[in-house]
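Single-structure report; data block below.
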Amino acid sequence: MQRGLLALSLGFALTPMSALAETTKAFQVSADIVQGCIVATNSNGQWGSIDLGTVSGVARGTVTADLLSGGVAGIQIDCTPNMSATISADNGVRGVAGVRALGLNGSSVSTIPYQLFADGSATPWTTQSIALVFGSGATRRVLPIRGVATLSGAMAAGAYSDTVRITLSW
């Protein structure tokens, strides 16, 4: 008896096959918008400044000037539409008993009393809050502020100044 070999040939052809991975997928994009405000600043990073100018040490009466910030007369406030905010001011660094004062060369010894008036009011703006309402589509409000100093006619020469802190809340 003869034994034969049985040869079995198995052939595998390498043919390109499609990948089974998905080639299109979606992803979610979302954002939560919250109420908020920003305030324009001047070149010094301040919300503005009031410059009452140069006056004689023997001048009497009042001098006035508007707060300027970034080329705008007043504080420019941008807030989310349909929200309310409040703005308040302290009595300044040199204020005594509720009276704001400009101090000579940063001191509290030689002073000039002054008042602030906000939003066209004839009533001095002390520390009370001012309500700001931003309606539908309204996002910008410019709050005009005017400084009025009372000159006594007997003032020492020098640079007078004060710093008032403004607080915006919402």
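Computed from a predicted structure; not experimentally measured. For this chain, numbers begin at 1 and follow the sequence in order.
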Would you compute the distance between atom [atom1] of [X] and atom [atom2] of [Y] and round it to the nearest 0.5 angstrom?
| X | Y | atom1 | atom2 | result |
| --- | --- | --- | --- | --- |
| Ser88 | Ile166 | OG | CD1 | 7.5 Å |
| Leu168 | Ser129 | CG | OG | 10.5 Å |
| Ser169 | Ile87 | OG | CD1 | 9.0 Å |
| Leu67 | Arg146 | CG | CZ | 11.5 Å |
| Met83 | Leu132 | CE | CG | 9.0 Å |
| Leu102 | Thr163 | CG | OG1 | 10.0 Å |

Next item on the list: Could you go through the side-chain contact (heavy atoms from CB on, under 4.5 Å) check for Val164 and Trp125 one step at a time?
Entry: CA-CA 12 Å; Val164 176; Trp125 183 28; over 6 Å; no
Checklist line | With Arg165 via side-chain hydrogen bond (donor to acceptor under 3.5 Å, both in side chains) - residues at least two apart | finding: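 Here the qualifying residues are Asp90.
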Next item on the list: Please list, chain by chain and in numerical order, all residues satisfying side-chain hydrogen bond (donor to acceptor under 3.5 Å, both in side chains) with Gln128, sequence neighbours excluded.
Entry: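 If we apply the side-chain hydrogen bond (donor to acceptor under 3.5 Å, both in side chains) test to Gln128, skipping adjacent residues, the hits are Thr126.
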Next item on the list: Hey, could you give me each pair passing disulfide (SG to SG under 2.5 Å) that has a residue in residues 121-154? Not counting sequence neighbours.
Entry: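 Non-adjacent pairs meeting disulfide (SG to SG under 2.5 Å): zero.
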Note to self: Suppose the criterion is disulfide (SG to SG under 2.5 Å): which pairs have a residue in residues 48-79, not counting sequence neighbours?
What the structure shows: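 For residues 48-79, and leaving out neighbouring residues, the disulfide (SG to SG under 2.5 Å) pairs sorted by first residue read Cys37-Cys79.
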To check you understand the geometry: which heavy-atom pair defines the closest contact between [X] and [Y], and what is its length?
| X | Y | answer |
| --- | --- | --- |
| Ser84 | Val133 | OG-CG2, 4.1 Å |
| Thr62 | Thr150 | CG2-OG1, 4.2 Å |
| Ile50 | Leu116 | CD1-CD2, 3.7 Å |
| Thr139 | Pro81 | CG2-CG, 3.4 Å |
| Leu52 | Ala149 | CD1-CB, 3.6 Å |
| Ile112 | Met155 | CD1-SD, 3.6 Å |

Same apolar cluster: [X] and [Y], side chain cutoff 4.5 Å:
| X | Y | value |
| --- | --- | --- |
| Val93 | Val99 | no |
| Leu143 | Ile38 | no |
| Leu104 | Tyr114 | yes |

Look only at the side chain of [X] and the backbone of [Y], and say whether a donor-acceptor pair between them is shorter than 3.5 Å.
| X | Y | value |
| --- | --- | --- |
| Thr64 | Val148 | no |
| Ser69 | Trp47 | yes |
| Arg94 | Ser161 | yes |
| Arg60 | Leu151 | no |

Next item on the list: Run the numbers on Leu68 and Asn42 for side-chain contact (heavy atoms from CB on, under 4.5 Å), then give the verdict.
Entry: CA-CA 8 Å; Leu68 298 176; Asn42 63 18; over 6 Å; no
Notebook entry, point to check: Given the rule in the side-chain contact (heavy atoms from CB on, under 4.5 Å) test, do Phe134 and Ile77 qualify, once you have shown the distances and angles that lead to the verdict?
Noted result: CA-CA 10 Å; Phe134 296 85; Ile77 305 165; 4.0 Å; yes
Note to self: Run the side-chain contact (heavy atoms from CB on, under 4.5 Å) test on Arg141 and Asp119 for me, step by step, so that the C-alpha distance in whole Å, both residues' side-chain angles and the decisive distance to 0.1 Å come before the verdict.
What the structure shows: CA-CA 11 Å; Arg141 170 96 191 265; Asp119 213 14; 2.5 Å; yes
Next item on the list: Under 4.5 Å between side-chain heavy atoms, chaining through other members, with only Ile, Leu, Val, Met, Phe, Trp and Tyr counted: pull out the rest of the cluster around Phe27, sorted by chain and number.
Entry: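 Hydrophobic cluster check, Phe27: joined to Val29.
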Note to self: Using a 4.5 Å cut-off between side-chain heavy atoms of Ile, Leu, Val, Met, Phe, Trp and Tyr, which other residues end up in the same hydrophobic cluster as Val142?
What the structure shows: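 Hydrophobic cluster check, Val142: joined to Val72.
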